[in-house]
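Read the numbers this way: they start at 1 and go in the same order the structure lists the ligands and their atoms.
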Amino acid sequence: MDISTYLNTSSAKIEKTLDALVPVSTSRHQKLFEAARYSLLGPGKRIRPILVLAVCEMTGGNAEHALYPAAAIEMIHTYSLIHDDLPCMDNDDFRRGKPTLHKAFPESHALLAGDFLLTHAFNVLSKAPKLSPELKIELIDLLGKAAGGDGMIGGQLQDIESGLHQLNKTSLDELHRAKTGALIEASVHFGALLGNASAEERKILQQSARNMGLAFQIVDDVLDVTENGKKRASDQVNGKQTYATLLGLEKAKAEAEQLHQSALAELRKLPYDTSLFEELVSYIITRKT
Ligand code: GRG
């Protein structure tokens, strides 16, 4: 299967699962569900849940059993975008090609829709079909850590505070390994656990994901300057350091490419065909949006 067919079929399965897990019709609180669906089912790239499915399959697991865990990760990611866009954070107007949730719905609904998706993600993990209770607890623990105070939320706070002082490269890496990298690493880790990968394979995949996560953020910073028409002008208003401002565009691109190659080199240590997954990693890092 070529990579674009793989991306399309995986996205379709994930979106079907998300649609079923956040239904409108059965809820008493229709407005809340509508708000959550507005963001969750918007045109995201589904990078994190696709990573879950791809690693699960590559390591010998059944991707159908990975759909709930993949959906849970996308819910956490979507909640983080909703909250990140709020007036008290980045105060952004557009997301996933349409007005941000707090522009389309009352701000209170946007805040609560984010809270709902965050909470619901753990509920979804707890009821994932076909997984043992032990595995579910491991996934819940892993996602709680990745999205929590020492992961994404901690990274977000560091990012907000970074507007107050200049960061060096080491501190910027640390911030983004938490804010953006932790959820990408968790996605790969999820896939490896669902595929029952060995400890040695998990170590290799984790190292690859670590490089991928940072490369993803550097590319995001570069794209904000080169492709997105400075859509995140809020970063400049807030005086936030980005890889583009710290390193300059060319050095930032070179750094992302170096991390990209390191991520691929790690994968080639695995004892099976990693070519489709390598293409997925390259798509994630060399994307244009
Ligand atoms: C508010 C708790 C809280 C956390 C926010 C990850 C994050 C922390 C905020 C998102 C802000 C941002 C744009 C970070 C840069 C990297 C990133 C996560 C980009 C968006 O991810 P994509 O490109 O988006 O995968 P889609 O829409 O395709 O899913």
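Side chain to side chain, Thr170 and Asp173 fail the donor-acceptor criterion of an N or O pair below 3.5 Å. One side chain, Glu257 or His260, offers a donor N or O that lies under 3.5 Å from an acceptor on the other.
Geometrically, Lys98 engages Tyr38 in a cation-pi contact, judged by NZ or CZ lying under 6.0 Å from the ring centre and within 45° of the ring axis. A cation-pi arrangement is absent between Arg37 and Phe105, since the terminal nitrogen or guanidinium carbon is not both under 6.0 Å from the aromatic centre and inside a 45° cone about the axis.
Atoms of ligand 1 found under 4.0 Å from any heavy atom of Gln217, numbered from 1 in the order shown, are 15 (C), 16 (C). Close contacts between ligand 1 and Asp84 involve ligand atoms 1 (C), 9 (C), 10 (C), 11 (C) [criterion: under 4.0 Å to a heavy atom]. Atoms of ligand 1 lying under 4.0 Å from at least one heavy atom of Asp220, given by number and element, are 15 (C), 16 (C), 19 (C). If you number the atoms of ligand 1 from 1 as listed, the ones under 4.0 Å from a heavy atom of Tyr79 come out as 2 (C). Near Arg96, with a cut-off below 4.0 Å to any heavy atom, the atoms of ligand 1 are 26 (P), 27 (O), 29 (O). Each of the atoms 6 (C), 7 (C), 8 (C), 14 (C) of ligand 1 lies under 4.0 Å from some heavy atom of Lys179. For ligand 1, the atoms lying closer than 4.0 Å to a non-hydrogen atom of Ser80 are 1 (C), 4 (C), 5 (C), 6 (C), 7 (C).
Formation of a donor-acceptor pair under 3.5 Å by the Arg177 side chain with backbone atoms of Glu174 is not found in this model. Judged by distance alone, with hydrogens and angles left aside, the side-chain atoms of Thr274 form no donor-acceptor pair with the main-chain N or O of Phe277 at under 3.5 Å.
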* To do: Could you please spell out the steps behind the side-chain contact (heavy atoms from CB on, under 4.5 Å) verdict for Ile3 and Leu280?
  => CA-CA 7 Å; Ile3 187 69; Leu280 174 59; 3.9 Å; yes
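Looking at His83, Arg95, Met152, it is His83 that brings a heavy atom closest to atom 1 (C) of ligand 1. The closest heavy-atom contact to atom 5 (C) of ligand 1, among the options Arg287, Gln156, His77, comes from Gln156.
Checked by distance only, ligand 1 and Lys45 come closer than 3.5 Å through their nitrogen or oxygen atoms.
Neither the backbone nor the side chain of Asp159 has any atom closer than 4.0 Å to an atom of ligand 1 (non-hydrogen atoms only).
For the pair Lys169 and Glu255, the salt-bridge criterion is met [side-chain N within less than 4.0 Å of a carboxylate O].
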